[in-house]
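Just so you know, residue 1 is the first one in the sequence shown, and it goes up from there.
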Amino acid sequence: MAEATLVSTDLTVGGMTCAACVNRVEKKLARLDGVTATVNLATGRARVSHPASVRPEDLVATVEKAGYTAALPEPEKERREDPEAGRLPDDVRQLAITALLAVPVLVLSMVPSLQFRNWQWLCFVLAAPVAVWGAWPFHVRAMRGLRHSAATMDTLVSLGVVASFSWSAYALFLGGAGDPGMRMPFSLLPSASDGVAHIYLEAAVGVPLFVLAGRFLEARARHGTGAALRSLAALTVKDVSVRADGSERLVPMGELRVGQVFVVRPGERVATDGEVVEGSSAVDLSLVTGESEPVEVQPGAAVVGGAVNAGGLLLVRAGAVGADTQLARITRLVTEAQAGKARAQRLADTVAGVFVPVVLALAVTTLGFWLGAGADPQAAITACVAVLVVACPCALGLATPTALMAATGRGAQLGVLVRGPQALEGLRHIDTVVLDKTGTLTSGHMTVARVTAVPGGLGREAVLRLAGAVEQGSEHPLGRAITSYARRGRSLPDVSDFRAEAGSGVRGRVEGRLVEVLAPDEELPVALADALPVAEAAAHTPVLVRVDGVAQALIELGDVVRPGSYRAVHRLRRLGVRPVLATGDREAAARAVAADLSIQEVHARCTPEDKADLVRESKERGERVAVVGDGVNDAAALAGADLGIAMGTGTDVAAGAADVTLVRGDIDALADAILLARRTLGTIRANLVWAFGYNAVTLPLAMVGLLSPMFAAVAMSLSSVLVVGNSLRLRAWQPARAGGRTR
């Protein structure tokens, strides 16, 4: 049985430069028994699923045998500050020196009026270090691939540089191009030599220069797509003030334990998930959940690690630490999502696996055809080099991962966590969404829904103040809900002579008055008697407030609809998604919520099995079903749906069975998720169309001699930069807000 148990290991893979590299690493790992791997070119990460009998060291060795470097990710606590962090990176230094040497060669070769006597020899001296040292990374990776019988993008670049420089050296030393006073006209298209062999030093320096520059810009852009993960990492607190036995001490975050009480001062981040034990404040959750409005917290309220304390001093009891915190789970989900691949990208990677060998064959065919047709050898070699240089599987490899990185990062900022491209594809196609009621469309706890005061009486505010004061001594959920509601924006007086009567209510003296909060009786003032049927129809629980024996108000309590639910259901309909309400609650409560939200199809008193059956029947009718829930009772339906969506405020069981998590606990985020999925997949399709279309257009042009090697290098580099740039637009994406009731 141990052999059947699969574990997941992440590897950091170095040396990959194109989709062909990705395909090769995945194939090599897949040759191990029971191993499957997904390699991401944009992140340089491989997620490997393997039997426990296959050690991580075996995976590293396999990748290295394929000609690449591999390492297990370093644990956070073991990472150290790089002592050379302030130095110029090697790739930037190499690009800068290459540019200094290459630019004079490009200018002299492209502007004939600047060509002085023996200019070609100066260009040769400047081009030699570029062709050798500047292009050295390409040569090394090409040779490494050759040793492992593999051809990649580096193979094409290396061959192009070697061919251009070698031909130029032949022309200078043996072909007459080295004669003093030689002039070489510049043309966008290759031309005949007119008896003197042309030199192509501009191609020999231009190819490595533009490819290095393109990869630098590409790396910078890819770095931008990972901004969300870096911003999440920045939310981590390094040190925390722990309070114990009346004293306070500063300890490293790694030493904080569950149950310890820590201090959060105004302006500080909450160190970890926990419960407020003392103090009240407004907490900014925008960087964690995407919710822009600060949340008021008081003793007993839950807080999330990474949130900012915007008000008073808080004492918080730690409820989770390390990998168990919500922030850690969010980071883990975003990382996992970025490791996946869309179906279209798998096709692109398959094509890239054979692309480079095909390009090499085309280059040889082009050379043979031109020579066989009696063309000038120089023109034949130029066309061959252009074919080698212009081919670009890099864009194919970057089409999906860069878009996915940008989208998942943007989704996390909006409070939407997507497990991977499969979930994005599922979001795009759903046409039916089954919504749970309690905790999804509603708040999930008892609260005051409405207060009806007797005309001419004490008034709504005064009655709430007195009722909240007397209920301070109650442990009943209704009493706690009244007290919590009454405390908003006001202080409550003390209560004396408090007495609770089981099944009836509570009474006590507040500021000398007898205050009673009881079940309604039949003798009610007209205003309250009219409100009572309305409350029962809405499935609310009504309580009567009497002051000195006189009925003053009727307070309705219930599980109220979340403010965002009205807009969310409206937006879902506009997106072509049919909402269905399925709840374990009683019929009256379900119908009341459905009527309020204009949901036509309602299923009440549903067991977990009933919800799962509802999903199965909908799928059998050909519907693409998503389920939104927050509890253990929703887990079966979430797992059985085409797409499971969990509320971030719900249980870990629900989140574990879901493909998408709405972190901020707002159902309106579902419409944002659908819109983001549609935009992301549209971006991926555009990237792939460009990547395939670029090669479909430029390769034939190069083969027929209509593209010089230098401009081929520019086009090749720009193709990757354009793909990444198109993906980066997702970072600034904003969901369109449809009109509708917002309450």
Side-chain angles (χ1 to χ4, degrees), residues 8 75-78 228-229 231-244 248-265 268-291 294-310 313-337 412 415-417 419 439 444-445 629-632 634-635 638 646-658 660-666:
S8 181
E76 286 290 336
K77 63 181 181 180
E78 294 180 6
L229 277 178
S231 64
L232 287 172
L235 299 182
T236 305
V237 176
K238 293 183 179 180
D239 299 303
V240 58
S241 297
V242 176
R243 181 169 291 188
E248 187 177 317
R249 61 192 179 93
L250 193 67
V251 301
M253 185 61 203
E255 295 181 11
L256 182 66
R257 297 293 178 261
V258 174
Q260 288 185 306
V261 175
F262 60 91
V263 181
V264 187
R265 292 181 170 79
E268 292 183 346
R269 293 196 184 279
V270 178
T272 191
D273 301 354
E275 179 182 322
V276 177
V277 296
E278 186 179 320
S280 60
S281 178
V283 176
D284 183 1
L285 296 169
S286 58
L287 290 177
V288 181
T289 67
E291 184 59 57
V295 177
E296 296 290 335
V297 296
Q298 54 193 0
V303 289
V304 179
V308 178
N309 179 13
L313 182 75
L314 293 177
L315 295 184
V316 180
R317 179 177 290 109
V321 295
D324 297 327
T325 64
Q326 183 171 333
L327 184 61
R329 290 197 298 268
I330 292 173
T331 304
R332 192 160 55 244
L333 282 172
V334 174
T335 303
E336 290 173 356
V416 178
L417 293 183
R419 285 193 181 273
H445 56 269
D630 72 329
V632 175
D634 300 314
L638 287 167
M647 303 296 287
T649 52
T651 65
D652 289 343
V653 176
V660 178
T661 302
L662 308 181
V663 180
R664 67 179 187 242
D666 181 1

Where do [X] and [Y] come nearest, in terms of heavy atoms and distance?
| X | Y | result |
| --- | --- | --- |
| Leu250 | Ser241 | CD1-OG, 3.6 Å |
| Val261 | Val277 | CG1-CG2, 4.1 Å |
| Pro299 | Gly279 | CD-O, 3.2 Å |
| Val263 | Leu315 | CG2-CD2, 3.6 Å |
| Val264 | Asn309 | O-ND2, 3.0 Å |
| Leu256 | Ala318 | CD2-CB, 4.2 Å |

Distance from [X] atom [atom1] to [Y] atom [atom2], nearest 0.5 Å?
| X | Y | atom1 | atom2 | result |
| --- | --- | --- | --- | --- |
| Ser281 | Gln298 | OG | CD | 11.5 Å |
| Glu255 | Asp239 | CD | CG | 9.5 Å |
| Phe262 | Met253 | CZ | CE | 7.0 Å |

*What's the verdict on side chain to side chain contact (heavy atoms under 4.5 Å, CB included) for Leu314 and Val283, showing C-alpha distance, side-chain angles and the deciding distance?*
CA-CA 10 Å; Leu314 293 177; Val283 176; 4.3 Å; yes
*Ion pair present between Glu275 and Arg317, side-chain N to carboxylate O less than 4.0 angstrom?*
no
_Val416 and Val660, any side-chain heavy atoms less than 4.5 Å apart_ = yes
*Do the non-hydrogen side-chain atoms of Val240 and Val251 ever get within less than 4.5 Å of each other?*
yes
